[in-house]
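See structure below.
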Amino acid sequence: MPKTRKEFNDADRKAIEKNFRAKTILICGIGPDEYNRISACQSAKEIWEALQTAHEGTIQVKQSKIDMLTTQYELFRMKDDESIQDMHTGFTSIINELHSLGEIFRETSLLGKSLVYCPVLRKAK
């Protein structure tokens, strides 16, 4: 059973204040479309979880994205009609998405992958 305002102690007041501050920060950092997703949330934790699910998906969706991007990384090749800049942009995009999902590659493996799958860079070696 929830407490009435008269029954709140200092710890309760501090928790309410922290929740209010966190909600304010989260709400100020989103746009109108995002606000519609979280407008019914009562706590900062609910807002955070709603935004996290909307952007990252559930754990299963996140793992599926990681698997798909890892496959793209492993199969990555420079196309015949592709410039080095375009190849680098595509490669960086895959790596950045994996990084945002928590998958991190060592820089040496990334450099090696770039050299192996870019014929122009291979010839320059």
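Since this is a predicted model, take the numbers as computed values, not measurements.
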Using modelled atom types only, decide if a donor and an acceptor are shared between the side chain of [X] and the backbone of [Y] within a distance under 3.5 Å.
X   : Y   : result
N19 : S43 : no
N96 : S93 : no
K23 : Q42 : yes

Taking atom [atom1] of [X] and atom [atom2] of [Y], what is their separation to the nearest 0.5 Å?
X   : Y   : atom1 : atom2 : value
C41 : E49 : SG    : CD    : 9.0 Å
D81 : D86 : CG    : CG    : 9.0 Å
L51 : Y35 : CG    : OH    : 12.0 Å
S64 : I59 : OG    : CD1   : 12.0 Å
H88 : I95 : NE2   : CD1   : 10.0 Å
I27 : I47 : CD1   : CD1   : 4.5 Å

Salt-bridged, E17 to R13, with N to O below 4.0 Å?
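No.
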Qualifying salt bridge (Lys or Arg N to Asp or Glu O under 4.0 Å) pairs, either residue in residues 27-43, two or more places apart
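Applying salt bridge (Lys or Arg N to Asp or Glu O under 4.0 Å) to every pair that reaches into residues 27-43, excluding sequence neighbours, yields E34-R37.
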Is [X] linked to [Y] within one hydrophobic cluster, defined over Ile, Leu, Val, Met, Phe, Trp and Tyr using a side-chain heavy-atom separation of less than 4.5 Å?
X    : Y   : value
L101 : F91 : yes
I66  : V61 : no
F20  : I25 : no

Heavy-atom side-chain proximity of F76 to M87 below 4.5 angstrom:
yes
Kindly indicate whether the side chain of E46, heavy atoms from C-beta on, has any atom under 4.5 Å from the side chain of I38.
no
Within 6.0 angstrom of K3 NZ, more than 12 heavy atoms from elsewhere
yes
Could you check whether atom CZ of F8 has more than 12 heavy atoms from other residues, nucleotides or ligands sitting under 6.0 Å from it?
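Enclosed.
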Given E103, E97, E74, the one that forms side-chain contact (heavy atoms from CB on, under 4.5 Å) with L69
E97
On a heavy-atom basis, which atom in E82 and which in M78 lie closest, and how many Å separate them?
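What the structure gives for the nearest pair is O-CE, 2.9 Å.
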